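Reading through the structure tokens given below for one structure.
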2 protein chains.
Amino acid sequence: MIPFTKLEATPLSDRISTLLKDAIIEGQFKAGEEIVLTAIAERYGVSRTPVREAFQSLAKDGFLTLRMNKSAIVVGIDEHFLRNHYEIRSVLEAQAAYNAAANGKDFSRLQRIQDDAEKMRLPMSLDEFRSYNMKFHRCIWDLSGNERLQQLLSDMWVSSYSSSALPEIHRQTRTFNSHRRLINDIINHDCDAAFEHMKRHIIGSLNNILKILDEGKKEA
Amino acid sequence: MIPFTKLEATPLSDRISTLLKDAIIEGQFKAGEEIVLTAIAERYGVSRTPVREAFQSLAKDGFLTLRMNKSAIVVGIDEHFLRNHYEIRSVLEAQAAYNAAANGKDFSRLQRIQDDAEKMRLPMSLDEFRSYNMKFHRCIWDLSGNERLQQLLSDMWVSSYSSSALPEIHRQTRTFNSHRRLINDIINHDCDAAFEHMKRHIIGSLNNILKILDEGKKEA
DNA sequence: TTATTGTTTATTGTATACAAAATACAATGA
DNA sequence: TCATTGTATTTTGTATACAATAAACAATAA
């Protein structure tokens with residue numbers, strides 16, 4: 001077969017849910033604000049059906065609250081939300097790392113992702129760093145061998161949370177160090193260490209986000 | 001106000017998704033079977049719209065695989081699936097127990113649920129035991145103070161997994177012992193013990209289910 | 001006035017209609 | 001025969017139409 005990558009059409013509902021999710025994360029809606037299905041459909045120039053599906057997806061992911069026969073409510077991305085979100089993510093990522101250390105056989109891809117990143121000059125651009133970070137975590141999800149865990153973590157991944165935090169060079173080197181330690185744990189099949197280090201790694205990024213958030217509040 | 005409990009209408013999509021979920025768990029569909037939206041809509045005598053929403057919900061919960069412009073595929077509830085499912089559930093329940101031990105203040109409800117159950121004559125009926133077990137776990141989710149965690153665990157709860165396992169009296173007393181130990185951990189604010197014990201508790205029930213499943217296979 | 005009921009309007013829940021994609025299969029030509 | 005192409009059928013994706021609920025407000029009666 002000819003090496004053409006299949007250009008796949010994504011359903012409208014998916015595109016809309018990512019757009020809305022980003023909008024919510026970036027604070028384009030106030031916390032607790034009522035958000036009317038019909039209005040969103042009009043804004044994006046589509047029918048209510050795919051918007052409705054997007055709403056339900058966002059509700060399942062915890063970004064919207066749906067009420068029978070009433071407008072949806074935007075969940076506020078405040079400290080409480082972020083703590084809850086990262087608490088869950090930390091323990092799921094930790095389990096993924098545990099599994100990778102326990103079951104993983106071929107770690108070459110994980111190594112290469114790290115090596116390629118370390119060859120670059122710091123600080124990397126925001127997009128570069130996000131791409132690397134995403135690849136690193138996704139690779140561990142793969143190694144976990146738990147497809148459902150992969151799906152859950154993928155749904156929880158919100159790259160823009162950390163947007164303001166990453167361009168600083170010392171943050172990037174800290175992430176490198178943390179990732180290198182994780183790779184070591186995994187390659188050495190030290191499951192418990194991988195679990196603990198990953199948990200701390202994620203909680204660390206939460207704390208960083210909260211710090212940024214706090215500084216932002218003081219400025220305002 | 002008069003003590004009437006609000007009788008609430010649930011959306012069709014919710015009712016259909018629970019029906020379908022149960023059907024999948026109970027093996028009414030073969031693993032990997034294609035399941036046609038239109039057919040399900042006809043079978044339940046509703047339009048495709050709510051069925052479609054149910055499909056998307058089930059897909060998010062990992063019981064269906066959706067493919068663009070193609071029929072959905074039923075995920076097989078085999079050993080691999082159960083291991084993945086319980087691995088995730090165990091670590092989330094464990095985190096909930098950890099939080100309950102860390103943050104919880106008023107444990108009277110948890111105590112009362114356990115006390116009421118222990119007053120009953122064993123073996124309890126299947127429904128009684130399920131109700132007690134559900135209340136116990138839900139109470140800990142509440143105490144965790146993480147609403148999102150609560151939502152996730154609620155979506156993962158499938159009572160009928162354990163249907164065949166519970167009527168035996170020695171299983172019920174084992175569960176009692178395990179729950180009592182958990183209550184102790186939580187009341188003593190021993191977070192790490194609560195985490196570990198809950199994790200083992202859930203993995204224990206997985207192993208029990210796998211055992212039952214294995215015996216069923218030998219018979220057939 | 002004040003509480004209750006009727007009416008209107010906005011918004012959601014569900015059903016149907018239409019468009020696009022995938023599949024099966026017949027027709028065609030080598 | 002075999003591969004390819006056109007066509008019909010099935011099934012999904014999206015839009016629209018209709019029904020039901022909820023909120024706002026006007027009207028009525030005490």
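Given the structure is predicted, the values throughout are model-derived calculations rather than measurements.
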- Length of the line joining A/E42:CD and C/dT12:C1', which is rounded to integer Å: 14 Å

- Query: Expressed in angstrom and rounded to an integer, what is the separation of B/L37 atom CG from D/dT10 atom C1'?
  - Reply: 13 Å

- Would you kindly give the CZ-to-P distance between A/R48 and D/dA20, to the nearest whole Å? 15 Å

- Locate the shortest heavy-atom distance separating B/V46 from B/L12; write the atom from each residue and the value. CG1-CD1, 3.8 Å

- Item | Euclidean distance, atom NZ of residue B/K70 to atom P of D/dG13 [Å, nearest integer] | 12 Å

- Message: Show, in sequence, the C-alpha distance, side-chain angles and deciding distance for A/F129 and A/F136, and conclude whether the ring pair (Phe, Tyr, Trp, His ring centres under 6.0 Å) test is met.
- Response: CA-CA 10 Å; A/F129 198 87; A/F136 178 84; over 10 Å; no

- Query: C/dT12 phosphate, OP1 or OP2: any side-chain N/O from A/T38 under 4.0 angstrom?
  - Reply: yes

- Note on the structure: Whole-Å distance, A/L12 CG to D/dT12 P, equals 18 Å

- A/T49 near the nucleic acid: base, sugar-phosphate alone, or nothing, with a heavy-atom cut-off under 4.0 Å? base

- Note on the structure: Closest heavy-atom pair, A/M198 versus A/L182, reported as atoms and distance to 0.1 Å, is N-CD2, 3.5 Å

- Respond yes when some side-chain nitrogen or oxygen of A/S47 is under 4.0 Å from OP1 or OP2 of D/dA15, and no when none is. yes

- Item | Side chain B/N84, main chain A/N146, donor-acceptor under 3.5 Å | no

- Correct closest heavy-atom pair for B/S144 and B/L149 would be OG-CD2, 4.1 Å

- Using whole Å, report how far CD1 of B/I35 lies from C1' of D/dT12. 14 Å

- Message: Distance check needed: D/dT14 P versus A/F55 CZ, whole Å only.
- Response: 16 Å

- Between D/dT14, D/dT12, D/dT21, which nucleotide has the shortest distance from any of its atoms to the side chain of A/P50? D/dT14

- Message: Without decimals, in angstroms, what is the distance between B/D14 CG and C/dT14 P?
- Response: 9 Å

- D/dA30 -> Watson-Crick or G-U wobble partner, both distances under 3.5 Å, gives C/dT1

- Residue whose nearest DNA chain D nucleotide is more 5′ - A/M68 or B/A39: B/A39

